[in-house]
Trainee: 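Got a structure here, written out as structure tokens. Questions coming.
To find a chain, count down the sequence lines: A is the first, B the second, and so on, and within it residues start at 1. Scope of the values below: all heavy atoms of this structure, side chains included, with no hydrogens, waters or symmetry mates.
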Amino acid sequence: MSDKKPLSSVNDFVVRFANVNGSGSASANEMFARAILRHGVPVSPRNIFPSNIQGLPTWYEVRVTEDGHLGARGGVDMMVAMNPQTWDKDVAGIEPGGYLFYDSTKPMPSTKFRDDITVIGVPLTAITNSTYTDPRQRQLFKNIIYLGALSALLDMDPKVIEQLIGEQYKGKEKLLSSNVHALHLGRDWALQNLKCPIGLRVKKSDKVGDRIFIEGNSAAALGAVYGGATVCAWYPITPSSSVAEAFTAHCKKYRHDPETGKAKYAIVQGEDELASIGIVIGASWNGARAFTATSGPGISLMTEFIGLSYFAEIPAVIMNIQRAGPSTGMPTRTQQCDIIACAYASHGDTKHVLLFPEDPAEAFEFAAAAFDLAERLQTTIFLMLDLDIGMNHRLCRPLKWDDARQYDRGKVMTTEMLEEGRDFGRYLDVDGDGIPYRTYPGTHPTKGSYFTRGTSRDRYARYSEEGSVYADNMQRLVRKFETAQDLVPRPLQANAERPTKYGVIYFGSTSPAMDEAIGLLEARGHQLDRLRIRAFPFHSSVASFLAEHDFVYVVEQNRDSQLRQLIVNENGIDPVRLVPIVHYDGTPITARFIAKAIGDHQDHLKVTPLRKAVS
Amino acid sequence: MTYIAKPKFHHPGLKKNALGYTHRDYEGKISTLCAGCGHDSITASIIEACYGLSIEPHRVAKISGIGCSSKTPDYFLGNSHGFNSVHGRMPSVLTGANLANRDLIYLGVSGDGDSASIGFGQFAHSIRRGVNMTYIVENNGVYGLTKGQFSATADRGSKSKKGVTNTDNAIDLVAIALQLGATFVARSFSGDKTQLVPLIAAAIRHKGASFIDVISPCIAFNNHAGSTKSFDYVREHNDAVNRLDVLVGRDPIAVDYAPGTVQVVEQHDGSKIALRKIDADYDPHDRLGAQTFLARHAAKGQIVTGLLYVDPEADDLHEHLNTVETPLNALEADTLCPGSAVLDKINASLR
């Protein structure tokens, strides 16, 4: 009945599950993604969910990608349509030649289908109702039954899924066996009643290697554990809450004194974001490594304290898991829209250090590094994740730690140093790098104490409103920020195969889509050098990159091209040479989008594609 | 908030406490507050209490918010670290500092503008968490730095210096502290050093959230007829339920008892509060009774002072969180970092 040839692909397709929030489908859908991973095939899954608890539509998308493209691709090859509310939109979103999987218990009018797709009906409700009497069981096992049916349709090895179920319900034999039973109910029905497998198939491969599958928020929390954070103060906010929750879980496992059972950490759920950052600043002032995790609205609330941290020079680490703003915006959608807000947070002249990890592995590394940087620079460090990294599982290289690594506690004058007669002035630039020495409270009976304040003061921390004293201090803060350029992670550059006058700058979660887009652009004949920015302040290599190219595209996920603004502002470059490529509808940026936007612009510039000679 | 330091010379015969410190070792910089300000009397009482307790000055962290009262930590304990944070947010900074190093003594100094308005939430939450601190509010019922506006603790019906009548109800921080579970609650008057000094000393020795509301008349903007926070009004309406003395080891700080019964309360750390009851029926171990007593007297326009409630068995936030005895700021990588072998296992579990 289809007027389009069904799609046929092995290990390279997109399946999207349309569910109702609260239906318990998340576990089954994630198991589907993990099962493909266990076949040795890379996957890139994404949650697309509303900002409510129950009832509204939710989607889970799994990109199966033999080539390891971890960015969102765009388009859906197979829709598992389990939500009547979104049926029309879901059916419309299927690629021509794609597949529609649905619950066929109740007949649907033919107008509800398309002629150019393959429709696969499985009477899920009828199967569950004939097997289970408990309403909740009917709901939950329906998800496992469709997982079973999909395993047959996509030619997946059921043993792999059985093993996953075994791991999930280890020690809970009743749940384990009932889930395996439900899996085979769906699988057997499909094998007996449908043409299995379809054109989309999963074939065992070896493309996953030793990579791990982890959410960015969990990896960042683990980075905080390894980085020596002992105080965490937070206030729940999507999409950052799972950072603190993961930190709590990791600490419970790894941070208890084996002899006393006592905790080598303190976690406080503050009454709000203001208290959370206040606790972080108080703890850091007193020599502990402390952090908070929040999102854009939390950053707005914290800005007064962030200004204090900058001016009074107190370490702090803030993990900002960005979501779509402004105001409440779209709480459960991704963006990179807090760049300017964080770079210049608070009133007066301020500049803050931002770190931009591209995936969970870097989230782990940068989170740990953030505590060293905060103490070295005695200022706030922002770890800039976003929902797309933070709340989605990502395939990434294994996390690594050097056991010889010691924490960099920065310039702290000790009792011994004070006893030696070292001149302690809290804001003296002893080493010319703009970074002064500090002392922890309680260090010495008569030396090294000082008063921390947000008001202007001289080099010995004595209150002063003298203009020259104020300016001296502000200039030193600029020197300190310049010092930071060489302490933060440097940009990574990758050049095109052939010399080119065109470059592209990108950062953070855009990375996998950018990697894939470069291939698409090359296929279109366009060569671009790439620079992935990993931190602000910008390293001098950013200015060099800009100087070496006529036009540089800046790809980011916000409306106003905020990174581009920051580059223009900090490098004094002609804005015309920086071309904004922005994507800000709340969904993750795709390779298709980047390649089209840059390709079209190149065409507009009348850039002659450099095509390889055809042999 | 000045850097006019006090001259360091002093009389060689000054009396020394058990640690060999003189009274001068507990002083700070010269106050820039108005001459006669009640806050300076509180400063003097803090100095007196710390001297009497033989505290090592540098083992105190003094943290404040913004305002006249919050300037005062500069005027005592000059060898202590101080932190003048942002308006109303002293409690969170103090909480963080306390979490980092449980071994120091934490003095939180705030004002009625700081704690009862913008900082009302932080005040409440630090109290309910049981942070081990002495939280002193220097309460004058007025905004002095901005020249005379009512604060949230100004009584309804009281008059400003410009003759405006306050139509808003007052927030009674003592009543709130009692309701929120503070384990040491007191009120005093800056002009009554005999009562205030031992109250501060007892609060410092108390393990848990100690709160002292000190009525501290603003000499410039709230010391006129019609004010309920003036020196005259407070003296006339002060209804003390008790006076006390703190005994650490064997030495009492001062002996100035009013007649009445004596009750000795032993605290967590072994220190003892000798409570000389003026109101023989008042029981400072009865939280509900204290709340009722307070409300009944407030309705009559009386300002109840003294130790209003104490729980000698109180615990603190560190106990709630079950943290190690070693201060968290002293832990290093060898004890905090799980190491690469554990990370390898974590990696393996994520495949």
Trainee: Calculate, to the nearest 0.5 Å, the distance between atoms OG and CD belonging to B:Ser349 and A:Glu167 respectively.
Mentor: 10.0 Å
Trainee: Ignoring hydrogens and angles, tell me if any N or O in the side chain of A:Tyr226 forms a donor-acceptor pair with the backbone of B:Leu343 under 3.5 Å.
Mentor: yes
Trainee: For residues 254-264 of chain A, which residue pairs pass the salt bridge (Lys or Arg N to Asp or Glu O under 4.0 Å) check, not counting sequence neighbours?
Mentor: none
Trainee: So which heavy atom on B:Leu336 is nearest to which on A:Gly228, and how close?
Mentor: CD1-O, 3.6 Å
Trainee: Is there a side-chain contact (heavy atoms from CB on, under 4.5 Å) between A:Ile314 and B:Phe83 once you walk through the steps?
Mentor: CA-CA 11 Å; A:Ile314 303 163; B:Phe83 195 142; 3.4 Å; yes
Trainee: Chain A heavy atoms under 4.5 Å from B:Ile105: which part of the residue, side chain, backbone, both or neither?
Mentor: neither
Trainee: Using a cut-off of under 4.5 Å for heavy-atom pairs, which of B:Ile346, B:Leu94, B:Thr95 has the most such pairs with chain A?
Mentor: B:Ile346
Trainee: Output the distance between atom CZ (B:Arg89) and atom CD1 (A:Ile277), rounded to the nearest 0.5 Å.
Mentor: 12.0 Å
Trainee: A:Arg453 side chain to B:Asn84 main-chain N or O, any donor-acceptor pair under 3.5 Å?
Mentor: no
Trainee: Out of B:Ser80, B:Ala124, B:Ala97, B:Ala348, return the one with the most heavy atom pairs under 4.5 angstrom to chain A.
Mentor: B:Ala97
Trainee: If I measure from the heavy atoms of chain B, does A:His393 come under 4.5 Å with its side chain, its backbone, both, or neither?
Mentor: neither
Trainee: For B:Asn98 and A:Asn286, run side-chain contact (heavy atoms from CB on, under 4.5 Å): C-alpha distance rounded to whole Å, both residues' side-chain angles, the deciding distance at 0.1 Å, then the answer.
Mentor: CA-CA 8 Å; B:Asn98 184 293; A:Asn286 213 1; over 6 Å; no
Trainee: Is there a side-chain contact between A:Phe451 and B:Pro73 in this structure, where contact means two heavy atoms from C-beta onward sitting under 4.5 Å apart?
Mentor: yes
Trainee: Between atom CG of A:Leu395 and atom CZ of B:Arg351, what is the distance when rounded to the nearest 0.5 Å?
Mentor: 10.0 Å
Trainee: Could you tell me which of A:Arg211, A:Gln406, A:Glu304, A:Arg38 has the largest number of non-hydrogen atom pairs under 4.5 Å with chain B?
Mentor: A:Glu304
Trainee: Any idea which heavy atoms bring A:Ser449 and B:Gly78 closest together, and the distance?
Mentor: OG-O, 3.3 Å
Trainee: When B:His81 is tested against each of A:Thr443, A:Thr452, A:Thr439 for side chain to side chain donor-acceptor pair (under 3.5 Å), which residue passes?
Mentor: A:Thr439
Trainee: Give, for atom CG of B:Asn101 and atom CH2 of A:Trp285, the distance between the pair rounded to the nearest 0.5 Å.
Mentor: 10.0 Å
Trainee: Where on A:Tyr460 is there a heavy atom nearer than 4.5 Å to chain B: the side chain, the backbone, both, or neither?
Mentor: neither
Trainee: Quick one: does B:Tyr106's side chain get under 4.5 Å of A:Pro441's, heavy atoms only?
Mentor: no
Trainee: Could you give the distance from OG (B:Ser340) to CG (A:Asp402), rounded to the nearest 0.5 Å?
Mentor: 8.0 Å
Trainee: Which answer fits B:Pro57, side chain, backbone, both or neither, if we ask what part of it has an atom under 4.5 Å from a heavy atom of chain A?
Mentor: neither
Trainee: Looking at CG of A:Leu399 and CG of B:Asn347, how far apart are the two atoms once the value is rounded to the nearest 0.5 Å?
Mentor: 4.5 Å
Trainee: How close do B:Ser92 and A:Ala275 get, counting heavy atoms only, and between which atoms?
Mentor: CB-O, 3.5 Å
Trainee: Could you go through A:Tyr407 and B:Asp334, starting from their C-alpha distance and side-chain angles, then the distance that decides it, and tell me whether this counts as side chain to side chain donor-acceptor pair (under 3.5 Å)?
Mentor: CA-CA 10 Å; A:Tyr407 299 146; B:Asp334 57 348; over 6 Å; no
Trainee: I'd like to know whether CZ of B:Arg24 has more than 12 heavy-atom contacts from other residues, nucleotides or ligands below 6.0 angstrom.
Mentor: yes
Trainee: Please report the shortest heavy-atom distance between B:Leu321 and A:Ala266, naming the atom on each side.
Mentor: CD1-CB, 3.9 Å
Trainee: Is it the backbone or the side chain of B:Gln122 that comes under 4.5 Å from a heavy atom of chain A, or both, or neither?
Mentor: both
Trainee: Tell me, with the steps shown, if B:Leu99 and A:Thr230 meet side-chain contact (heavy atoms from CB on, under 4.5 Å).
Mentor: CA-CA 9 Å; B:Leu99 289 174; A:Thr230 52; over 6 Å; no
Trainee: If the contact rule is any heavy atom under 4.5 Å from chain A, which residues of residues 323-332 of chain B qualify, in numerical order?
Mentor: B:Thr323, B:Val324, B:Glu325, B:Leu328, B:Asn329, B:Leu331, B:Glu332
Trainee: Tell me, side chain or backbone of A:Lys253 under 4.5 Å from chain B's heavy atoms, or both, or neither?
Mentor: neither
Trainee: Is there a side-chain contact (heavy atoms from CB on, under 4.5 Å) between A:Val268 and B:Arg129 once you walk through the steps?
Mentor: CA-CA 10 Å; A:Val268 176; B:Arg129 290 193 181 105; 3.6 Å; yes
Trainee: Please state whether the side chain, the backbone, both or neither of A:Val231 comes within less than 4.5 Å of a heavy atom of chain B.
Mentor: side chain
Trainee: Tell me, out of A:Gly227, A:Ser276, A:Gly278, who's got the most heavy-atom pairs with chain B below 4.5 Å.
Mentor: A:Gly278
Trainee: Is B:Val60 in contact with chain A via its backbone, its side chain, both, or neither, using a 4.5 Å heavy-atom distance?
Mentor: neither
